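The next block holds one structure in the form of structure tokens; read it before the comments.
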Protein chains: 2
Amino acid sequence: MTLAYSPDTAPAASPLASLMDRVGLRMPFAKGEEIFGQDEAADMIHSIVSGAVRTTRLQSDGRRQIGDFYYPGDIIGLETGDLYRFSAEALSDCVIHVVKRSSLHVLRGDGSLDRTLWEATRRELERTQEHLLMLGRKSACEKVASFLRDVAQRVGCEDVSLPMGRQDMADYLGLTIETVSRMVTQLQGSRIVEFASARQFRVTRWPALERLAA
Amino acid sequence: MTLAYSPDTAPAASPLASLMDRVGLRMPFAKGEEIFGQDEAADMIHSIVSGAVRTTRLQSDGRRQIGDFYYPGDIIGLETGDLYRFSAEALSDCVIHVVKRSSLHVLRGDGSLDRTLWEATRRELERTQEHLLMLGRKSACEKVASFLRDVAQRVGCEDVSLPMGRQDMADYLGLTIETVSRMVTQLQGSRIVEFASARQFRVTRWPALERLAA
DNA sequence: CAGGCCCATTGATCCCGATCAATCGACGCC
DNA sequence: GGCGTCGATTGATCGGGATCAATGGGCCTG
């Protein structure tokens, strides 16, 4: 079997996701479509049912930073204050479960929801800290190696398909598209990964990849 | 009046800090002393009473990334799971209010504590995201400019004193100590900031600094 | 005050990743 | 099948920041 995030899978739904099932609305988004925009009022919480999503922040001069990539079962928009600090866009056609923040209040009372929200925010913070570490002190090669390792690990299956293009990888890693491409070629040359196409690969030498990911 | 975080100030104590006053213990730490260590069991929450603290993460090859700097009124160790993901060290002699996580449970019940913890974690996440943006896409000059701006803004007073040395700034910004020094010199040459000594400065041209911080 | 230590600054050179530019290759359309 | 489009790859060159090395300057100690 190939491919990780098949359209109708919502693996290991979080407790929050199951709470959210009771309220809210399923909405389809087309590939490339904006789910919410930077600096908009943040009154919704989004749970990904199928497809993949990126969060991005754009500077006035066009420089772009990708916050993270999200897959089925992930929640986005949680951690926000009054305004969204990133925008979210569909990487592929996807279905999003949308819940008004205010309607979460009806579930409040025993404090378990609060703790669940906190937990989710905490995990988001951990991921962001890991991302930070990578941007601050890793070389281009280490960045790309860690990225491929992380994606492959998350998928947990032999053949991995990348839902994002090279530009998205570059904007996530703080590199240019050319450098990402070169590092991928290099990793392939060392027989550490094997790309069937630009968005389809498998790890052939895990220990070497781990070592390079530093 | 000079200097920002004078030893006995705990400005704008957070609601959580005031809750914490009811339980826990005040502990002094000497400059350079470790408050908690990376990968240790995270059973404490720390609120800074006086002094300044840095959180750092060390890689096996010696590369270091600073997570953030903390001042009186700030809480650290909040966001952690079972283990601390960074270590925390005193930048100067300081006093820390230490509370066992388990003893926070006695305050639990109405859910207000949960929401306060969540809020604090959310703010921490926001700061980390901002830091991320800086590491990913800013030039050395922009990084140093943003850093000085942020410190000066936080202090909100004319003369700013930096509690950290150049190496700490470098490890926060993902640069080398030499580059930080050069950029500081450059900003000084453009009459944007003015350093009385290596750790003492004032902003002379705010608009220019804002523009460079990008 | 002299000497030593530690940190910051400055200078010279190198190299990684950015930039500029050309080519490739998959896919859709006529 | 030929052709246009768009994303990825590859090549050549440039430049910002790292690295290596020397100097400066505050502060403590004797």
Side-chain angles (χ1 to χ4, degrees), chain A residues 31-32 54 59 61-66 89 91-92 134-148 161-190 193-201 212 214, chain B residues 30-32 54 59 61-66 89 91-93 134-148 161-190 193-201 212 214:
Chain A
K31 175 175 176 164
R54 66 166 176 247
Q59 285 175 260
D61 59 2
R63 282 180 290 185
R64 195 176 73 143
Q65 175 68 49
I66 289 198
E89 292 137 10
L91 279 169
S92 57
M134 174 154 78
L135 288 183
R137 289 302 185 194
K138 285 189 182 176
S139 71
C141 178
E142 291 169 336
K143 285 175 177 178
V144 173
S146 334
F147 181 79
L148 294 179
S161 111
L162 296 168
M164 74 294 284
R166 293 292 185 267
Q167 186 62 62
D168 287 330
M169 287 174 56
D171 288 340
Y172 178 81
L173 298 172
L175 298 172
T176 61
I177 190 176
E178 293 96 330
T179 300
V180 171
S181 190
R182 274 183 251 272
M183 295 303 122
V184 164
T185 306
Q186 190 178 309
L187 288 174
Q188 234 182 150
S190 332
V193 297
E194 206 173 68
F195 275 75
S197 73
R199 295 183 173 224
Q200 199 81 14
F201 76 100
L212 280 181
Chain B
K31 176 174 174 164
R54 65 167 178 249
Q59 285 175 262
D61 59 1
R63 281 178 292 183
R64 195 177 74 143
Q65 175 68 48
I66 289 197
E89 292 137 13
L91 278 169
S92 57
D93 291 345
M134 174 154 79
L135 288 182
R137 289 301 186 195
K138 285 190 181 173
S139 71
C141 178
E142 291 170 337
K143 285 177 176 178
V144 173
S146 333
F147 181 79
L148 294 179
S161 108
L162 295 170
M164 74 294 286
R166 293 291 185 268
Q167 186 63 61
D168 286 331
M169 288 176 55
D171 288 339
Y172 179 79
L173 298 171
L175 298 172
T176 60
I177 190 176
E178 293 97 332
T179 301
V180 171
S181 188
R182 274 183 252 272
M183 295 303 122
V184 165
T185 306
Q186 190 178 308
L187 287 174
Q188 232 180 155
S190 330
V193 297
E194 207 174 68
F195 276 76
S197 72
R199 294 183 174 224
Q200 199 81 14
F201 76 101
L212 279 181

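This one's a predicted model, so the numbers in the text were calculated from it and none came from an experiment. Proteins get letters first, then strands, A, B, ... in listed order; numbering begins at 1 in each.
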Problem set entry | Pair Asp168(B) + Arg64(B): basic N to acidic O under 4.0 Å | yes
Problem set entry | Length of the CD-P vector between Gln167(B) and dA8(C), whole Å | 8 Å
Exercise. Looking at the side chain of Thr185(A), which of dA8(C), dT9(D), dT10(D) is the nearest nucleotide?
Worked result: dT10(D)
Exercise. What's the CG-P distance between Leu187(B) and dT9(C), to the nearest Å?
Worked result: 12 Å
For this session: Nearest whole angstrom, please: distance from the P of dG11(D) to the CD1 of Ile177(A).
Result: 17 Å
Exercise. If every non-hydrogen atom of Arg137(B) is compared with every non-hydrogen atom of Arg63(A), which pair is closest and at what distance?
Worked result: O-NH1, 2.8 Å
For this session: Examine the base of dT19(D) for any acceptor or donor lying under 3.5 Å from a partner atom in the side chain of Arg182(B), and report the outcome as yes or no.
Result: yes
Seminar exercise, completed: Of Ala140(A) and Glu178(A), the one whose nearest nucleotide on DNA chain C sits closer to the 5' end is Ala140(A)
Problem set entry | Between P of dG17(C) and CZ of Arg137(A), the distance in whole Å | 14 Å
Exercise. Rounded to the nearest Å, what distance is computed from the NZ atom of residue Lys31(B) to the P atom of nucleotide dC27(D)?
Worked result: 12 Å
For this session: Would you please confirm or rule out a distance under 4.0 Å between OP1 or OP2 of dG17(D) and any side-chain N or O of Thr176(B)?
Result: no
For this session: Please test Gln200(B) against Ser161(B) for side-chain contact (heavy atoms from CB on, under 4.5 Å), starting from the C-alpha separation and ending with a verdict.
Result: CA-CA 4 Å; Gln200(B) 199 81 14; Ser161(B) 108; 3.2 Å; yes
Problem set entry | Options dG17(D), dA8(C), dA18(C), nucleotide nearest the side-chain atoms of Thr179(A) | dA18(C)
Problem set entry | Atom pair distance, as rounded to whole Å: CG in Leu175(A) and P in dT19(C) | 11 Å
Exercise. What integer distance in Å separates Met183(A):CE from dG11(D):P?
Worked result: 13 Å
Exercise. What is the distance, rounded to the nearest whole Å, between atom CZ of Arg199(B) and atom C1' of dT9(C)?
Worked result: 15 Å
Seminar exercise, completed: Winner on side-chain proximity to Ser139(A), out of dT10(D), dG17(C), dT9(C), is dG17(C)
